[in-house]
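Remarks on the structure that follows.
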Amino acid sequence: MVTQIKTVKELPREELFAPGHRLCAGCGVPVLVRMVLKAIPNAVIVNATGCLEVATTIFPYTSWRVPWVHNAFENAAATAAGIEAAFRILEKKRGIKRPKVVAFGGDGGTFDIGIQALSGALERGHDMLYICYDNEAYMNTGIQRSGATPRGAATTTSPAGKVIPGKLERKKNLIEIAVAHGIKYAATLNPAYPVDMYNKIVKAASVEGPTLLHYFCPCPTGWRSDVDKSIEIARLAVLTRVWPLYENDNGVYRITVPVKTPRPVEEYLKMQGRFRHLLAPENKWLLDQLKQDIEENWNRLLKLVELSQKSS
Amino acid sequence: MSSLLSWRDLGIGCVISEPGNSVQYKTGDWRAHRPVIDQTKCIKCLLCWVYCPEPAITRHNDDRVEINYDYCKGCGICANECPVKAIKMVSEGV
């Protein structure tokens, strides 16, 4: 049985992620990384290209106090798979205890560029944990739209103006893509719910086989939001049902933070410059579409919960 | 680093052999506003420690928290999230 915590007081004190990194003030990634290294202190980290990789390892410095490797943008999952296979051989031949291999990828490195490598690694069943920190665009290269950018968001390649009012397409559903591979555990994370986040990381790490976590990563630079409001925005994302917190444990869906009456989506949108244009009357049609996405997503989740719990 | 190294001085593959040596790089000078904790109001809930992205908040053995101004970038998440408003953001250089 995995040790689950009830309050933040029970979190381990040890800090395996060092300060002095060059991530922006108010960035959401380090909150995740600190939590992962507290939950899995024996981790070997594989990092896809992205903000986290660039800003924490500016030569000749590193913020990591655990083994860390960067390979390329597209192959974090493949690199993690290879490392895991190598550790398996070492265990077999020399009896060396295997550490947990953890891969970090941004939404660009996961949803778009790395999806093939990720799919392959999940299918081959490597014992690894893949974590996608999703800030909903290519923030590191200058806020270009990605497959994870939600409908209506303005980015530098989907700018809101006279021609289009931000991105017109829907966001991909990463958890369902992962679950379709038949993996044993997948869950969403949010920095405003640290106890929930820690418990899910511990649970994912305890599973033998591939697991995936999807993290809501506030980005003040790309979202045009106030730096001190990152956690508040993250909390609102849950309370407005924009980012439902749920898990899929052995095929059974479960909502971990139930939201009985959602707050109006506008509360979440108005805190971010990337959505500000949606509140203008001429863009109401797109706002309605976004609201419909959120509602459909939530209702689908409820159905999946009901269906999977009934059949388990 | 005081001076640039030549290729002879660098390790193979430029591997960084010292874990967590970014502590030598002080990011405190990014800050425009400084968080100040009122210890008499603090209820030791540790939320600031959890949410700090640096980490620039030290958790002492008795769960007292202290801000490390060498690294704090002054984002203000701690002040915004403090449930008892024990942290205030004060302008630097005034």
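Protein chains get the first letters and strands the later ones, always in sequence-line order, with residue 1 at the start of each.
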Among [options], residue most engaged with chain A (heavy-atom pairs, under 4.5 Å):
| options | result |
| --- | --- |
| B:Leu10, B:Val50, B:Leu46 | B:Val50 |
| B:Cys52, B:Ala56, B:Ala79, B:Gly74 | B:Cys52 |
| B:Leu47, B:Thr27, B:Val15 | B:Thr27 |
| B:Cys78, B:Gly76, B:Pro55, B:Gly28 | B:Pro55 |
| B:Cys45, B:Gly20, B:Cys72, B:Pro19 | B:Gly20 |

One thing to verify: whether [Y] and [X] come together as a salt bridge, which I'm taking to mean a side-chain N less than 4.0 angstrom from a carboxylate O.
| X | Y | value |
| --- | --- | --- |
| B:Asp38 | B:Lys88 | no |
| A:Glu267 | A:Arg263 | yes |
| A:Glu136 | A:Arg274 | yes |
| B:Glu54 | A:Arg34 | no |
| B:Lys73 | B:Asp29 | no |
| A:Glu15 | A:Lys38 | yes |

* Quick one: what part of B:Tyr51 sits under 4.5 Å from any heavy atom of chain A, side chain, backbone, both or neither? ->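 B:Tyr51 touches chain A through backbone and side-chain heavy atoms alike.
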* Which bit of B:Asn68 is near chain A, if near means a heavy-atom gap under 4.5 Å: side chain, backbone, both or neither? ->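 Neither the backbone nor the side chain of B:Asn68 comes within 4.5 Å of chain A.
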Quick one: which of [options] has the most heavy-atom pairs under 4.5 Å with chain B, could you say?
| options | result |
| --- | --- |
| A:Ala18, A:Pro19, A:Pro191 | A:Pro19 |
| A:Cys24, A:Ser230, A:Ala192 | A:Ala192 |
| A:Cys27, A:Pro67, A:Gly28, A:Pro30 | A:Pro30 |

* Asked: Looking at A:Trp64 versus A:His21, is the centre-to-centre ring distance below 6.0 Å?
  ->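 Distance test on ring centres: not under 6.0 Å, no.
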* **Ring centers of A:Trp223, A:Tyr268 separated by less than 6.0 Å** =>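 When the ring centroids of A:Trp223 and A:Tyr268 are compared, they turn out to be at least 6.0 Å apart.
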* Asked: What part of A:Arg235 is in contact with chain B, defined as an atom under 4.5 angstrom from a non-hydrogen atom: side chain, backbone, both or neither?
  ->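 Contact with chain B: side chain only.
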